[in-house]
S.K.: 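A single structure is presented below for examination.
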Amino acid sequence: MSVHYGPGTHISIPDAMLRLPFIVLANLYLLLATLLGAPFRMLAASHRPAYVRFRLTGDPPYRERRRRVQLGGNRPEPSDVTSVERLRESLELLAKDGRVKGILLEVEDLAVPAAKRDALVAVLTAFRAQGKRVVGWAVHVDNEAYALLCAADEVLLAPMGRVELVGYAAETTALGVGLSRVGIRPHFVRRGDYKTAPELFTSPVVSDIQTRTVESFLDERYADLVDVVARGRRKTPEEVRALIDQGPFSARRALDTGLVDALVSEASLPTHLGLAKAGDEETELEPMETYRSTVPFPPVRWKRLRRNPRVAVVPVSGIIVPGKGASGKMASADRVVKALRAAGRDRRSKAVVVYISSPGGTPLASEQMLEAVQRVARKKPVIAYMDRVCASAGYMVAVGAKEIWSAPHAMVGSIGVFAGKFDVSGLMEKLGVHKAVLTRGQNAAIFSMARDFTPRELATLEAEVEEMYQAFLDIVAKGRGRTKEEIHQLAEGRVYSGMRGKAVGLVDQVGGFEEACRHALSLAKVPAAERFEIMTYGGPKQRVNLLRLLMGASHAQTYALCPTALSFNGLGGAEAFEGEGARFDVADVVGRVLPADQWPFGD
């Protein structure tokens, strides 16, 4: 801030000086609260738990959310892990206490992507390195949840429990014959043999290209699962593969094969951990909140005169659509562009991370977002980050950033476009509905769903698709510093994992969300800091219905969409910040709507 006192007089007043009185008052309040509460915490110190219980469920965000005051609603249980960041802070505190032996980690209905699982494993590994124990317990676990439990010193399972360690499967669908039977004839034009999205509607069977693409991701995910389990359970890869082929496992079979170390009921956990004797009254394992109440002088987050560095995060979650997304709450151009502008105006945010979780959408909307990303990138460093899917139109948005970061097994690429419409004249005939199409102008009815394309309309559409594909190549080539021909060799709808994307030059770095944020700050020449803040702009919850998106268009729409992402709904859980993106399933095309109510970071 600066103040002027008449002509020629200019006095600069640092913003920190204006905050000083408020900082002093806030810290005084924290000091008094700590001192006044110390006697009560000292009295409780004798009851300090030797093991602290944490419950890991759903898809907790990378960073803590700001929780608004709400009347009613579902609140997390005291032991729930509310973010990866909060778990790390809690374990760092526990690791310094010699009276704490370790933690009990309860895993229930886990739905994290592989990248977030790795972040959680890193937190647990650091805790174990301090000489503390991690005991994992669950009733029922699938591949991802079991892989996380393998990071524990001891894995316990409820006597009635199950281990669904069976490997991965992906279901691909072809609706061509089914649609024709009800009188719907899809007509699409695509650019690139690997742009297989229209095949979902036009082909009678799943193509070899689509099968090979999906299998490449299955191979990577399967190899990762085998490696994680082998390291965690001290088995050879061959032994793990043999076990996977024997799954799923009842509790007794899981114990006999060495997948778990013991069968323990929830009520018997304190006895198993040595906190109670058999026959004693039931003893509860206490959460972190109870532990803090027994520490006389727990760590205090003092208010600093110099505020922590801030990173602005803008999510692009769901199918990308133009305007305000009236057909559903998706990644609408209007909302994302406004969020990017707000992030660019935020003076405290020295860098921006665009978190992309999208299988694509319309080129028009993605180019609007791309332009907004590029404008922000001229003011401050912008990093594009993905840990699930950043494909087609989603990747077009990403190339506007200074660097593209990806999790190892995220889906990246699918550079290509397709366009078309559904001819429902056969369905109308079956229903006894007659519709006459009257035109003035040879292409006037190109948008009509009451008939097929004429040869002239088809030629016009093919020319438009080719033009958009060439424009897509130009955009990516410019953004990646490559020639158009080099990008074309990687394009035509080809899909890559994050690791393979880096190998071919579509991705700059493979890493985690926290790493991407810190790197963004380093590009802004912000001194390395132990802590940094996140401010999220935009990104409400999503609801996606693919059939409604494609069939509800009033004209022959052009799309840049990745079908492989639609086949992988069951390969690693849903995604999460307050929701890390929209979920997609082939069931969407027959009317099922799945909410995407999680993202990987907080507000």
Side-chain angles (χ1 to χ4, degrees), residues 49-64 76-139 141-157 163 165 224-235 240 259-262 264 269 272-273 285-289 291-292 387 407-409 511-515 572-573 576 600:
Y51 280 87
V52 177
R53 182 172 191 158
F54 293 88
R55 178 172 175 267
L56 188 57
T57 183
D59 194 353
Y62 287 113
R63 286 301 187 103
E64 199 69 17
E77 294 185 7
S79 57
D80 280 359
V81 174
T82 55
S83 69
V84 178
E85 174 195 34
R86 183 60 57 85
L87 178 64
R88 176 183 56 79
E89 293 174 347
S90 297
L91 296 194
E92 286 176 352
L93 177 59
L94 295 175
K96 299 174 183 177
D97 192 334
R99 297 173 63 177
V100 173
K101 295 181 180 180
I103 66 168
L104 175 80
L105 182 67
E106 176 186 350
V107 177
E108 178 182 339
D109 295 329
L110 194 65
V112 296
K116 191 174 292 181
R117 182 202 69 201
D118 292 343
L120 290 165
V121 167
V123 171
L124 298 176
T125 302
F127 183 66
R128 294 175 60 190
Q130 299 297 314
K132 303 297 185 181
R133 294 188 75 234
V134 174
V135 178
W137 180 81
V139 176
V141 289
D142 59 9
N143 294 317
E144 296 301 319
Y146 181 72
L148 177 66
L149 283 177
C150 287
D153 295 281
E154 186 178 17
V155 178
L156 309 178
L157 190 68
V163 176
L165 183 65
D224 177 63
L225 177 65
V226 170
D227 178 64
V228 170
V229 174
R231 285 187 284 110
R233 301 305 294 171
R234 296 180 177 84
K235 296 180 180 293
V240 174
L259 291 177
V260 301
D261 298 299
V264 183
L269 285 171
H272 181 84
L273 297 175
L285 284 165
E286 302 293 348
M288 190 65 189
E289 181 180 346
Y291 169 80
R292 288 181 179 275
D387 62 0
H409 304 295
F513 174 72
E514 295 282 326
E515 296 174 88

S.K.: How about Leu225 and Leu165: do any of their side-chain heavy atoms sit closer than 4.5 Å?
M.R.: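 Result yes, sub-4.5 Å side-chain heavy-atom pair found.
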S.K.: Taking atom NE2 of His272 and atom CG of Leu156, what is their separation to the nearest 0.5 Å?
M.R.: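 The CG atom of Leu156 is 4.5 Å from NE2 of His272, to the nearest 0.5 Å.
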S.K.: Does any N or O in the side chain of Glu89 come within less than 3.5 Å of the main-chain N or O of Arg86, such that one atom is a donor and the other an acceptor?
M.R.: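 Absent.
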S.K.: Are any of the side-chain heavy atoms of Tyr146 and Val228 separated by less than 4.5 Å?
M.R.: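 No - every pair of side-chain heavy atoms lies 4.5 Å or more apart.
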S.K.: Of the non-hydrogen atoms in Ala138 and Val107, which two are nearest, and what is the gap between them?
M.R.: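 For Ala138 and Val107, the tightest heavy-atom pair comes out as CB-O, 3.5 Å.
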S.K.: Looking at every heavy atom in both Phe127 and Leu91, which two are closest together, and how far apart are they?
M.R.: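 Heavy atoms of Phe127 and Leu91 come nearest at CD1-O, 3.4 Å.
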S.K.: Would you compute the distance between atom CG of Asp118 and atom OG1 of Thr125 and round it to the nearest 0.5 angstrom?
M.R.: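 Nearest 0.5 Å value for the CG-OG1 distance: 10.0 Å.
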S.K.: What is the minimum heavy-atom distance between Leu269 and Trp137, and which atoms define it?
M.R.: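 Distance-wise, the nearest heavy atoms are CD2-CD1, 3.6 Å.
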S.K.: Using the test side-chain contact (heavy atoms from CB on, under 4.5 Å), find all partners of Ala122 that sit at least two apart in sequence or belong to another chain.
M.R.: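 Once residues adjacent in sequence are excluded, Ala122 has no partner under the side-chain contact (heavy atoms from CB on, under 4.5 Å) criterion.
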S.K.: Considering only heavy atoms from C-beta outward, does the side chain of Arg63 approach that of Thr82 to under 4.5 Å?
M.R.: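 A side-chain contact is absent here, since even the closest heavy-atom pair is not under 4.5 Å.
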S.K.: Nearest heavy-atom pair of Leu273 and Tyr51: which atoms, and what distance?
M.R.: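 For Leu273 versus Tyr51, the nearest heavy atoms are O-CE1, 3.8 Å.
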S.K.: Can you see which heavy atom on Val112 is nearest to which on Glu144, and at what distance?
M.R.: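 It is O-CG, 4.4 Å.
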S.K.: Using side-chain heavy atoms (C-beta onward) and a distance below 4.5 Å, is Ser79 in contact with Leu285?
M.R.: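 With C-beta onward as the side chain, the pair stays apart.
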S.K.: Suppose we screen for side-chain contact (heavy atoms from CB on, under 4.5 Å). Which residues come up paired with Asp153, at least two apart in sequence or across chains?
M.R.: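 Checked Asp153 against side-chain contact (heavy atoms from CB on, under 4.5 Å); matches are Arg128, Arg133, Val134.
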S.K.: Answer yes or no: is there an ion pair linking Asp387 with Arg117, defined by an N-O contact shorter than 4.0 Å?
M.R.: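 Salt bridge absent between Asp387 and Arg117.
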S.K.: Quick one: does Leu149's side chain get under 4.5 Å of Val260's, heavy atoms only?
M.R.: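 A side-chain contact under 4.5 Å is absent here.
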S.K.: Are side-chain heavy atoms of Leu105 and Leu56 found at a separation under 4.5 Å?
M.R.: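 Yes. Closest side-chain heavy atoms under 4.5 Å.
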S.K.: If we only count heavy atoms from C-beta on, is the Asp224 to His409 side-chain gap below 4.5 Å?
M.R.: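 Of all side-chain heavy-atom pairs linking His409 with Asp224, at least one is under 4.5 Å.
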S.K.: With a 3.5 Å distance limit and no angle check, can you tell me whether Lys116 reaches the backbone of Pro60 through a side-chain donor-acceptor pair?
M.R.: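 Here the side-chain-to-backbone pair exists.
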S.K.: Can you tell whether the side chains of Arg88 and Glu92 come within less than 4.0 Å, N to carboxylate O?
M.R.: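 Yes, Arg88 and Glu92 are salt-bridged.
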S.K.: Any salt bridge between Arg53 and Glu286, counting N to O under 4.0 Å?
M.R.: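 The answer is no: the pair does not qualify as a salt bridge.
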S.K.: With no hydrogens and no angle check, is any side-chain donor or acceptor of Lys235 less than 3.5 Å from a backbone partner on Leu259?
M.R.: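 Looks like no, no N/O pair under 3.5 Å.
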S.K.: side-chain hydrogen bond (donor to acceptor under 3.5 Å, both in side chains) with Arg55: which residues, sequence neighbours excluded?
M.R.: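 Arg55 satisfies side-chain hydrogen bond (donor to acceptor under 3.5 Å, both in side chains) with Asp80, Glu108 once adjacent residues are dropped.
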S.K.: Run the side-chain contact (heavy atoms from CB on, under 4.5 Å) check on Leu94 and Phe54 step by step: do they pass?
M.R.: CA-CA 12 Å; Leu94 295 175; Phe54 293 88; 3.9 Å; yes
S.K.: Hey, are the side chains of Leu104 and Val52 touching, using non-hydrogen atoms and a 4.5 Å cut-off?
M.R.: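 No, side chains not in contact.
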S.K.: Lys132 side chain to Ile103 main-chain N or O, any donor-acceptor pair under 3.5 Å?
M.R.: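 Between the backbone of Ile103 and the side chain of Lys132 there is no qualifying donor-acceptor contact (under 3.5 Å).
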